[in-house]
Amino acid sequence: MTKIIFPAPVESEAAEQLRADVRAFLNDALADRTPLQRAESWSGFDRDFSRAIGQRGWLGMTWPKEYGGGERSTFERYVVVEETLAAGAPVAAHWFADRQSGPTLLRYGTEAQKHAILPRIVAGECVFCVGMSEPDVGSDLAATRTRAERQGDGSWKVNGTKLWTTYAHESDYMILFCRTSGGPADRHKGTSQLLVDMKQTEGVSVRPIIDLMGRHHFNEVHFEDAVLPADALLGEEGQGWAQVMGELAFERSGPERFLSSIQLLTELIGALQDSKGAAAEAAIGRLFAHLVTLRHMSRGVAALLEAGENPGIHSAIVKDLGAAFEQDLPDIARSLVDEEPDLQSTSNFAAVLAYTMMAAPVFSLRGGTREILRGIIARQLGLR
Amino acid sequence: MQDVSTLLLDSTQRLLSDLSERNASRTADAADLSADWHQIEEMGLPLAFVDEAHGGLGLDQKTAFELVRMCGRHVLAHPIVETMLANHFSVTAGGALCDGPVHSLGKLTRMQQELAALARAMQMAGALETILAMTISHVEERSQFGRPIAKFQAVQHSLALLASEVAAATAAADHAVGRFEEDADTATLAIGIARARIGEACSKVSALAHQLHGAIGYTREHRLHHFTTAVWKWRDEFGTQSWWTRRVGQMVLANGRGEFWPMVTSA
């Protein structure tokens, strides 16, 4: 494969009408949110906001109506996602469930699970976390050591530790990727996905991990003889690897991979209002060209998903280029505006710059490192 | 795309491949070049942007731009795209079709310059595709330390980046052509975005391709330089990369902070 085409999305009037509605709603709902708060992007957590979005039918938009979904197109969902990101809305209370946990449940959950949980996600009332990474298992996910053993009565006993589990301390559920047979040497074989009720399960403890900015998003989740019911198994036992790759495809495919620093670009344009010049024009023109091109490619990914195709290489490219674009932003901003970055500053630019600078290292780590993504791209090109 | 267009694209692809292979294995003299041009004219390529009423092919714009991309995939000595544009400009100004290849377009109006700049964007996207394909073949064929260099992770990651830049260039070119087709009068921003983004891709792709080809790619004998030197030239024609990039920046800054995001979604 040498020609990588991002198909043009189908423009629809319904999607553009929806865009106007979403903008109007966000304009009101976020009126009091400062630029620094907006810069948190999809790390911002606010149950009330997620409930308000849910009430408008903007969660689980593409899911079947039987489970509370909206049966709307991938493009309409894309509009809601990009508009909330661009506005810097606090989406973390619904983000993971709407993006990947819900779709995974829809595909592999039992009817009872789907009827019980999906409508709550749609209502913005059900928070999910992602149980993939472990202390010794980062990019090499197949080396998972967390283990679920089937008991005589069909239930599962889980032991092990998950790491970097964003918002585990607020979550109602986790989708746990772990080993159900064999050992780490068996690699992809013998892994499964299980649904964990984070509020009701004994033997599950959540410990905070504080990041370099002093924030608490990450956690370590420890399982000690935690017992899950027999129907906690999602999909087929032993098929966890294929299922988790499908989940990662959802995790990597969206516009959050190049829009999470949009607030800094917005503030930079504001800061340059009175000091335009050749350097500012060239830098903003370049960034704008990158952004619009990334968005066009990302909408192509949505078009591939809508057509039922696997956008593996396309998603990897958008995520890798998107992370590079976002990570370049702070230094470009510093080179153009003579202000010290400072989280406490009353200058919106200085505060947002400080925040984004400190958030940037993680952009090429989360959801698949740069090295893993380039490996995926090379494999698709036939080099591995 | 209609069948006629598909046929035309297929036969153009064959003709351009033949011509580039033929020219790789000989030093073309004036008679050779004139024979080549005759074949190019027989195919109707210089008439890609001319409607049927003026003796042209009457192609939809998408197909015409596909032909331009093909010309980029096969960098030839002949000014096919320049002649396509010259014919279009001449007949739309009430003039006649040009006689023979046109090497220089002279002074252009703003609208003419934008079409020419967009054509260069498509040519660059085509040339970058070829550079990617050539580079993949090279790293698979070239062995060092007892194995194809494609097996080295450092090479794989460079190539992944090269492919990503080519994909971005293609997306930017396609997007601009789409906007131009919708309404040529309001496509300035999309063309500027394409020229800014593709110009940067040309720098990165050329650097990576030369690095991955090693010294052989820096010889006159190897055909890589036909493509890299072509994109180095094209990226600064009909408005330099710097000029187009600043133009985009001026438009964004003129609209200001509040209009920035709406501008992204309508660009």
Side-chain angles (χ1 to χ4, degrees), chain A residues 1-8 16 19 23 79 82-83 86-87 259 262 265-273 276 278 280-297 300 313-314 316-318 320-321 324 370-371 373-384, chain B residues 129-130 132-133 135-137 139-140 148 150-151 153 155-172 174-175 178 189-190 192-201 242 244-265 267:
Chain A
M1 178 186 214
T2 58
K3 181 125 201 241
I4 303 152
I5 302 286
F6 288 82
E16 291 315 300
R19 187 185 302 284
R23 272 185 197 169
V79 166
E82 72 171 349
E83 289 295 329
L259 288 179
I262 191 87
L265 187 47
T266 308
E267 293 306 325
L268 176 61
I269 290 167
L272 292 171
Q273 276 313 292
K276 294 172 197 163
E281 289 166 2
I284 296 298
R286 175 178 172 271
L287 292 170
F288 194 79
H290 272 259
L291 178 59
V292 171
T293 305
L294 281 164
R295 177 173 181 268
H296 188 58
M297 296 166 86
I313 187 171
H314 301 81
I317 288 175
V318 174
D320 189 30
L321 290 178
R370 172 182 300 140
E371 289 72 19
L373 296 172
R374 291 190 183 166
I376 290 171
I377 298 166
R379 188 193 303 273
Q380 296 280 326
L381 292 170
L383 299 187
R384 294 175 64 191
Chain B
E129 274 177 39
T130 304
L132 171 61
T135 310
I136 290 174
S137 300
V139 300
E140 283 173 342
K151 297 293 166 201
Q153 196 175 48
V155 169
Q156 291 172 357
H157 287 193
S158 288
L159 201 60
L161 193 53
L162 192 163
S164 301
E165 287 294 315
V166 176
T170 301
D174 288 347
H175 181 59
L189 180 63
I193 287 167
R195 290 298 302 260
R197 185 64 187 86
I198 298 170
E200 188 174 330
S242 162
W244 276 112
T245 307
R246 282 186 56 193
R247 210 118 184 251
V248 173
Q250 284 158 6
M251 287 187 245
V252 176
L253 288 167
N255 279 323
R257 185 186 179 286
E259 279 306 301
F260 159 58
W261 176 249
M263 217 179 148
V264 172
T265 58

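Chain A is the first sequence line, chain B the second, and so forth, proteins listed ahead of strands; every chain is numbered from 1. All values below come from the heavy atoms of this structure, side chains included, with hydrogens, waters and symmetry mates left out. Quick caveat, the model's predicted, so the values are computed rather than measured.
A:E82 has its side chain out of reach of B:V264: every pair of non-hydrogen atoms, C-beta onward, lies at least 4.5 Å apart. In this structure, B:T265 and A:E83 have side chains that are in contact, with non-hydrogen atoms separated by less than 4.5 Å. Contact annotation: the side chain of B:M263 approaches that of A:F288 to within less than 4.5 Å [non-hydrogen atoms, C-beta and beyond]. Taking 4.5 Å as the limit, every side-chain heavy atom of A:R374 sits out of range of all side-chain heavy atoms of B:L159. Within the 4.5 Å cutoff, the side chain of B:T170 has no heavy atoms near those of the A:I4 side chain.
Shown here for A:I317 and B:A167, the closest heavy-atom pair between the two residues is CD1-CB, 4.2 Å. Closest heavy-atom contact between B:R197 and A:A289: N-CB, 4.1 Å. Taking both residues in full, the closest heavy atoms of B:S164 and A:L321 are given as O-CD1, 3.7 Å, listed atom of the first, atom of the second, then distance. Taking every heavy atom of both residues into account, A:T293 and B:A171 meet most closely at CG2-CB, 4.4 Å.
Residue with the most contacts toward chain B among A:P7, A:G270, A:A324: A:G270 (heavy-atom pairs, distance under 4.5 Å). Heavy-atom pairs under 4.5 Å with chain B peak, among A:A283, A:A316, A:A378, A:A278, at A:A278. Annotation: maximal heavy-atom pairing with chain B below 4.5 Å, among A:I262, A:I376, A:D320, occurs at A:I262. Of the listed residues (B:G192, B:G178, B:G258, B:A168), the one with the most heavy-atom contacts under 4.5 Å to chain A is B:A168.
Of the two parts of A:H290, the backbone and the side chain both hold a non-hydrogen atom closer than 4.5 Å to a non-hydrogen atom of chain B. With a threshold of 4.5 angstrom between heavy atoms, A:A271 does not approach chain B through any atom at all. Of the atoms belonging to A:R23, it is side-chain heavy atoms, and not backbone ones, that fall under 4.5 Å from chain B. With a 4.5 angstrom heavy-atom cutoff, B:L189 touches chain A only via side-chain atoms. Proximity to chain A (any heavy atom under 4.5 Å) is restricted, for B:E200, to the side chain, taken from C-beta onward. Contact of A:A8 with chain B is not made at all, since no heavy-atom distance falls under 4.5 Å. Using a 4.5 Å cut-off between heavy atoms, A:E16 does not touch chain B at all. Looking at B:P262, both its backbone and its side chain come within 4.5 Å of chain A, counting heavy atoms on both sides. At a 4.5 Å heavy-atom cutoff, A:R370 makes no contact with chain B through either its backbone or its side chain. Both the backbone and the side chain of A:L383 come within less than 4.5 Å of a heavy atom of chain B. For B:A194, no part sits under 4.5 Å from any heavy atom of chain A, backbone or side chain. Both the backbone and the side chain of A:R286 come within contact range of chain B, with heavy atoms under 4.5 Å apart. Looking at B:V155, neither its backbone nor its side chain comes within 4.5 Å of chain A, counting heavy atoms on both sides.
In this structure, A:L381 CG and B:E140 CD are separated by 9.0 Å, a value rounded to the nearest 0.5 Å. Atom OG1 of A:T266 sits about 6.5 Å away from atom CZ of B:R257, to the nearest 0.5 Å. One finds the CZ atom of B:F260 at 8.0 Å from the CD1 atom of A:I284 (value rounded to the nearest 0.5 Å). Between B:L162 atom CG and A:I377 atom CD1 the span is 11.0 Å, to the nearest 0.5 Å. Distance check: A:I5 CD1 to B:D174 CG gives 6.0 Å after rounding to the nearest 0.5 Å. In this structure, CG in A:L265 is found 10.5 Å from CH2 in B:W261, a value given to the nearest 0.5 Å.
Within 6.0 Å of atom CZ in A:R379, 12 or fewer heavy atoms from other residues, nucleotides or ligands are found, so the atom counts as exposed in its surroundings.
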Dump the intermediate steps for side chain to side chain contact (heavy atoms under 4.5 Å, CB included) on A:E281 and B:L253, then the final yes or no.
-> CA-CA 7 Å; A:E281 289 166 2; B:L253 288 167; 4.1 Å; yes

